[in-house]
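What follows is one structure encoded as structure tokens, with my remarks underneath.
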Protein chains: 2
Amino acid sequence: MRGWRLTAQRRVVAEVLDGDHVHLTADEVHARAVSRLPEISRATVYNTLGELVTLGEVLEVATDGRAKRYDPNAHQAHQHLICSGCGAIRDVHPLGDPVAALPADQRFGFTLSGAEVTYRGLCPDCR
Amino acid sequence: MRGWRLTAQRRVVAEVLDGDHVHLTADEVHARAVSRLPEISRATVYNTLGELVTLGEVLEVATDGRAKRYDPNAHQAHQHLICSGCGAIRDVHPLGDPVAALPADQRFGFTLSGAEVTYRGLCPDCR
DNA sequence: GCCTAGCTTGGACTTTGTCTAAGTCAATAC
DNA sequence: GTATTGACTTAGACAAAGTCCAAGCTAGGC
């Protein structure tokens with residue numbers, strides 16, 4: 001009885017994230033999950049998202065200080081480009097490793113594990 | 001009667017941010033402000049912080065999806081290094097302009113206004 | 001088919017932030 | 001100096017996002 005139990009709820013949350021809708025908030029994940037499994041609770045969605053993040057299957061992105069968003073594209077390094085007007089988010093792939101831009105004398109003894117880059121601007125529609 | 005009125009409350013909020021304590025949350029700013037001006041309200045602290053951000057005097061940093069932090073060091077471009085253990089934040093100055101790392105074919109027609117980089121790692125104390 | 005550790009549920013609770021109506025006051029005009 | 005007035009402040013209600021908990025349910029091992 002060790003290990004991770006595959007329940008209907010977890011399957012549904014995973015399926016929602018696998019869809020073509022990326023960067024959903026927890027509430028949006030819950031709304032879509034409810035349409036497939038009406039009795040699923042918010043707490044379970046939060047629990048499952050947290051587990052997926054811990055397992056490294058999903059990335060948490062805190063882009064605006066309000067709701068966190070969940071990004072299923074965790075297996076490929078990428079950064080985010082966000083429209084300051086409408087909030088649209090795109091995955092982008094900058095050149096080079098952002099971590100390399102931080103010189104040793106700016107690391108203050110930290111062991112770096114990574115860097116997140118958020119590009120901001122206006123999308124064509126908002127301009 | 002046009003323009004920006006200098007009130008005791010606004011002065012206190014500005015003074016709190018000018019101290020050596022950087023990257024405070026709104027609640028921390030409020031707590032420190034209360035110790036100088038006991039009747040100041042939370043709403044006024046939020047209002048004033050919002051105005052300072054609009055004026056470009058202070059930077060809002062959303063590092064962890066919880067409370068936003070306010071960074072008085074707005075006049076010098078810099079990025080942040082955060083300890084995954086204790087949450088400590090340091091200002092850092094990476095080499096080069098992060099915006100330059102995003103090639104044109106990755107900008108999707110956006111007009112870029114800037115980039116925020118968050119380096120993550122463990123500080124010497126947490127290791 | 002039973003058993004049980006682990007999962008789910010609903011609701012209370014917390015944290016962070018916003019809004020509003022009413023009262024107050026800084027800066028200008030006189 | 002005083003009156004005026006529109007911007008500012010206040011307390012508290014409200015809202016959004018997320019966490020916690022006790023009670024009940026269930027997948028998977030036996």
Side-chain angles (χ1 to χ4, degrees), chain A residues 1-17 21 23-55 57-71 82 86-87 89, chain B residues 1-17 21 23-55 57-71 82 86-87 89:
Chain A
M1 214 174 254
R2 296 285 120 26
W4 205 70
R5 272 171 51 176
L6 180 57
T7 64
Q9 290 81 353
R10 287 176 173 171
R11 196 173 345 98
V12 165
V13 170
E15 282 171 14
V16 166
L17 286 171
H21 300 286
H23 306 121
L24 298 172
T25 64
D27 252 21
E28 286 164 353
V29 172
H30 180 235
R32 290 170 202 267
V34 159
S35 73
R36 305 189 191 203
L37 187 69
E39 69 275 26
I40 193 171
S41 76
R42 291 190 336 118
T44 297
V45 171
Y46 277 105
N47 287 344
T48 305
L49 288 172
E51 287 154 13
L52 290 172
V53 169
T54 303
L55 291 173
E57 294 297 316
V58 161
L59 235 47
E60 218 173 55
V61 256
T63 52
D64 64 347
R66 299 300 288 166
K68 288 175 198 160
R69 294 180 173 273
Y70 293 88
D71 183 343
I82 301 185
C86 62
I89 305 181
Chain B
M1 213 173 256
R2 300 282 121 29
W4 204 73
R5 271 171 52 176
L6 179 56
T7 63
Q9 290 82 353
R10 288 176 172 170
R11 195 173 345 98
V12 165
V13 169
E15 281 171 15
V16 166
L17 287 171
H21 300 286
H23 306 122
L24 298 172
T25 64
D27 251 21
E28 287 163 352
V29 172
H30 180 234
R32 290 171 202 267
V34 160
S35 74
R36 305 189 191 202
L37 187 67
E39 69 275 26
I40 194 171
S41 76
R42 290 188 337 115
T44 297
V45 171
Y46 277 104
N47 287 343
T48 305
L49 288 173
E51 286 155 12
L52 290 172
V53 169
T54 301
L55 291 173
E57 294 297 315
V58 162
L59 234 48
E60 218 174 54
V61 259
T63 52
D64 62 348
R66 301 297 290 164
K68 288 174 198 160
R69 294 180 174 274
Y70 292 88
D71 182 343
I82 301 185
C86 61
I89 305 182

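Letters A, B, ... are given to chains in the order of the sequence lines, protein chains preceding strands, and every chain is numbered from 1.
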Qualifying residues under side-chain contact (heavy atoms from CB on, under 4.5 Å), relative to [X], sequence neighbours excluded:
X: B:Leu59; result: B:Asp71, B:Ala74, B:His78
X: B:Ala26; result: B:Tyr46, B:Leu49, B:Tyr70
X: B:Ala8; result: B:Arg11, B:Leu37

What is the distance, to the nearest angstrom, from the [atom1] atom on [X] to the [atom2] atom on [N]?
X: A:Arg10; N: C:dC7; atom1: CZ; atom2: P; value: 4 Å
X: B:His30; N: C:dG17; atom1: NE2; atom2: P; value: 13 Å
X: B:Arg11; N: C:dA27; atom1: CZ; atom2: C1'; value: 15 Å
X: B:Asn47; N: C:dT18; atom1: CG; atom2: P; value: 9 Å
X: A:Ile40; N: D:dC25; atom1: CD1; atom2: P; value: 18 Å
X: B:Leu52; N: D:dC8; atom1: CG; atom2: P; value: 12 Å
X: B:Leu6; N: D:dA7; atom1: CG; atom2: P; value: 17 Å

N/O (side chain, [X]) to phosphate O (OP1/OP2, [N]) under 4.0 Å:
X: B:Ser41; N: D:dT9; value: no
X: A:Gln9; N: D:dT26; value: no
X: B:Arg5; N: D:dG6; value: no

Salt bridge (charged side-chain N to carboxylate O under 4.0 Å, His left out) pairs, two or more places apart, involving residues 41-54 of chain A:
A:Arg10-A:Glu51, A:Asp27-A:Arg42
Test of understanding: with salt bridge (Lys or Arg N to Asp or Glu O under 4.0 Å), list the residues that count as partners of B:Glu15, not counting sequence neighbours.
B:Arg36
Could you tell me which residues satisfy salt bridge (Lys or Arg N to Asp or Glu O under 4.0 Å) with B:Arg69, sequence neighbours excluded, listed by chain and number?
B:Glu28
Run the side-chain hydrogen bond (donor to acceptor under 3.5 Å, both in side chains) test against B:Thr63 and tell me which residues pass, sequence neighbours left out.
none
Under the side-chain hydrogen bond (donor to acceptor under 3.5 Å, both in side chains) rule, collect the residues that match up with B:His30, sequence neighbours excluded.
none
For nucleotides 12-18 of chain D, give me every protein contact, N/O to N/O, under 3.5 Å, one pair per line with atom names.
residue, atom, partner, partner atom, Å
D:dG18, OP1, A:Lys68, N, 2.9
D:dG18, OP2, A:Tyr46, OH, 3.1
D:dG18, N7, A:Arg42, NH2, 2.9
D:dG18, O6, A:Arg42, NH2, 3.4

Please give me every residue in residues 32-39 of chain B whose heavy atoms get under 4.0 Å of an atom in DNA chain D, ordered by residue number.
B:Glu39
Report which part of the nucleic acid B:Thr7 touches: base, sugar-phosphate, or nothing (heavy-atom distance under 4.0 Å, all strands).
sugar-phosphate
Axis deviation across the helix from C:dG1-D:dC30 to C:dC30-D:dG1, five-pair ends, to the nearest 10°
30°
Consider side chain to side chain contact (heavy atoms under 4.5 Å, CB included). Of B:Val12, B:Val13, B:Thr7, which one does B:Thr48 pass it with?
B:Val13
